[in-house]
Amino acid sequence: EDQVTQSPEALRLQEGESSSLNCSYTVSGLRGLFWYRQDPGKGPEFLFTLYSAGEEKEKERLKATLTKKESFLHITAPKPEDSATYLCAVQARGDYKLSFGAGTTVTVRA
Amino acid sequence: EAGVTQFPSHSVIEKGQTVTLRCDPISGHDNLYWYRRVMGKEIKFLLHFVKESKQDESGMPNNRFLAERTGGTYSTLKVQPAELEDSGVYFCASSRYQLVETQYFGPGTRLLVL
């Protein structure tokens with residue numbers, strides 16, 4: 001069974017204080033690794049898809065990277081509006097469903 | 001382009017009652033998924049439709065859950081009879097058939113069974 005572990009569970013940052021979130025995964029052949037952002041009371045909002053080790057994707061203050069065992073979501077100079085729960089999910093080759101981690105809740109203080 | 005919509009946004013029912021959740025996917029998306037998050041746990045897959053056919057229902061917890069997708073458009077998920085452990089947030093997602101990549105999620109239905 002696919003396993004996704006995210007750390008830390010919660011992260012409190014000062015505005016401008018860069019940090020990284022970790023997503024470790026075990027999957028029988030990776031088709032894709034997905035990062036989503038979820039705000040309270042809303043559904044997951046798509047951020048990135050990564051397909052192979054060494055791949056990197058960027059969007060504003062967020063940068064996602066992928067190795068064969070883990071992915072990192074780097075938040076550079078975060079702002080309060082970056083406060084959210086960040087979810088990591090994997091999709092195995094030959095499969096359609098996503099297997100999610102429990103998420104990392106990021107709080108950015110002004 | 002309208003996103004995935006779900007109805008109702010919240011539902012509070014008593015144990016033993018029936019509840020039906022509805023999901024309208026993004027127009028043109030043949031793939032439709034149901035997921036669930038119960039308290040304190042991660043989001044878990046329930047089932048997957050391709051058009052009107054069930055492709056994978058391996059995540060359905062038991063036969064009290066029935067999902068349908070009429071005409072390959074909207075989908076319903078019925079829970080009958082509801083139990084306390086069915087409480088949680090039910091998410092629907094959709095994706096294009098030829099590009100099985102990004103799944104776009106709806107806002108979810110928050111179900112509370114008392």
Side-chain angles (χ1 to χ4, degrees), chain A residues 1-10 21-52 55 57 59 64 66 71 84-105, chain B residues 1-10 21 23-26 29-51 53-60 67 88-110:
Chain A
E1 187 174 314
D2 304 334
Q3 297 257 353
V4 181
T5 303
Q6 292 188 246
S7 62
E9 289 184 14
L21 285 55
N22 177 264
C23 171
S24 298
Y25 65 91
T26 304
V27 63
S28 53
L30 181 70
R31 170 181 274 175
L33 183 142
F34 300 79
W35 282 98
Y36 286 87
R37 168 193 170 124
Q38 186 174 22
D39 293 301
K42 296 190 176 182
E45 175 188 345
F46 171 72
L47 293 173
F48 304 109
T49 309
L50 302 166
Y51 295 102
S52 57
E55 190 174 0
K57 294 257 178 93
K59 180 180 179 179
L66 181 66
S71 176
T85 295
Y86 291 86
L87 300 168
C88 172
V90 297
Q91 188 178 51
R93 208 170 293 136
D95 203 354
Y96 290 78
K97 66 178 179 287
L98 298 178
S99 297
F100 280 88
T104 295
T105 300
Chain B
E1 179 180 78
V4 177
T5 59
Q6 293 186 246
F7 182 84
S9 59
H10 295 79
L21 314 180
C23 168
D24 286 81
I26 294 171
H29 282 195
D30 287 336
N31 289 280
L32 187 149
Y33 310 82
W34 284 98
Y35 291 85
R36 176 174 78 167
R37 170 180 255 167
V38 296
M39 183 70 74
K41 301 279 190 178
E42 64 271 21
I43 296 172
K44 289 278 195 185
F45 168 81
L46 294 177
L47 86 159
H48 168 215
F49 284 99
V50 177
K51 297 186 180 179
S53 299
K54 290 177 186 175
Q55 184 79 9
D56 180 358
E57 49 185 332
S58 61
M60 295 287 261
V89 184
Y90 290 77
F91 293 106
C92 175
S94 72
S95 68
R96 291 191 184 279
Y97 183 71
Q98 294 297 332
L99 194 66
V100 185
E101 294 181 353
T102 304
Q103 294 181 23
Y104 296 94
F105 282 75
T109 293
R110 281 139 192 85

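Not measured: the values here are computed from a predicted model. Just so you know, these numbers use all the heavy atoms, side chains as well, and skip hydrogens, waters and symmetry mates. Letters go in sequence order (proteins before strands), and every chain restarts at 1.
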Task: Minimal non-hydrogen separation, Leu98(A) against Tyr35(B), with atom names - done: N-OH, 3.0 Å
Task: Per-residue contact mode, Lys42(A) against chain B (heavy atom under 4.5 angstrom) - done: backbone
Task: Top contributor to chain A contacts, counting heavy-atom pairs under 4.5 Å, from Arg110(B), Gln6(B), Lys44(B), Arg37(B) - done: Arg110(B)
TODO: Might you confirm whether atom NZ of Lys54(B) has over 12 heavy atoms from other residues, nucleotides or ligands at distances under 6.0 Å?
DONE: yes
Open item on the list: Does Phe7(B), at its CZ atom, have more than 12 non-hydrogen atoms belonging to other residues, nucleotides or ligands within less than 6.0 Å?
Closed with: no
Task: Straight-line distance of Gln91(A) CD to Gln103(B) CD, nearest 0.5 Å - done: 6.0 Å
Task: Heavy-atom pairs under 4.5 Å with chain B, option from Gly41(A), Gly101(A), Ala89(A), Ala102(A) with the top count - done: Gly41(A)
Task: Non-hydrogen atoms of Pro44(A) and Phe105(B) that approach each other most closely - done: O-CB, 3.4 Å
Open item on the list: Classify the ring geometry of His48(B) against Tyr96(A): parallel below 30°, tilted from 30° to 60°, perpendicular beyond 60°.
Closed with: tilted
Task: Part of Gln38(A) within contact of chain B (heavy atom distance under 4.5 Å) - done: side chain
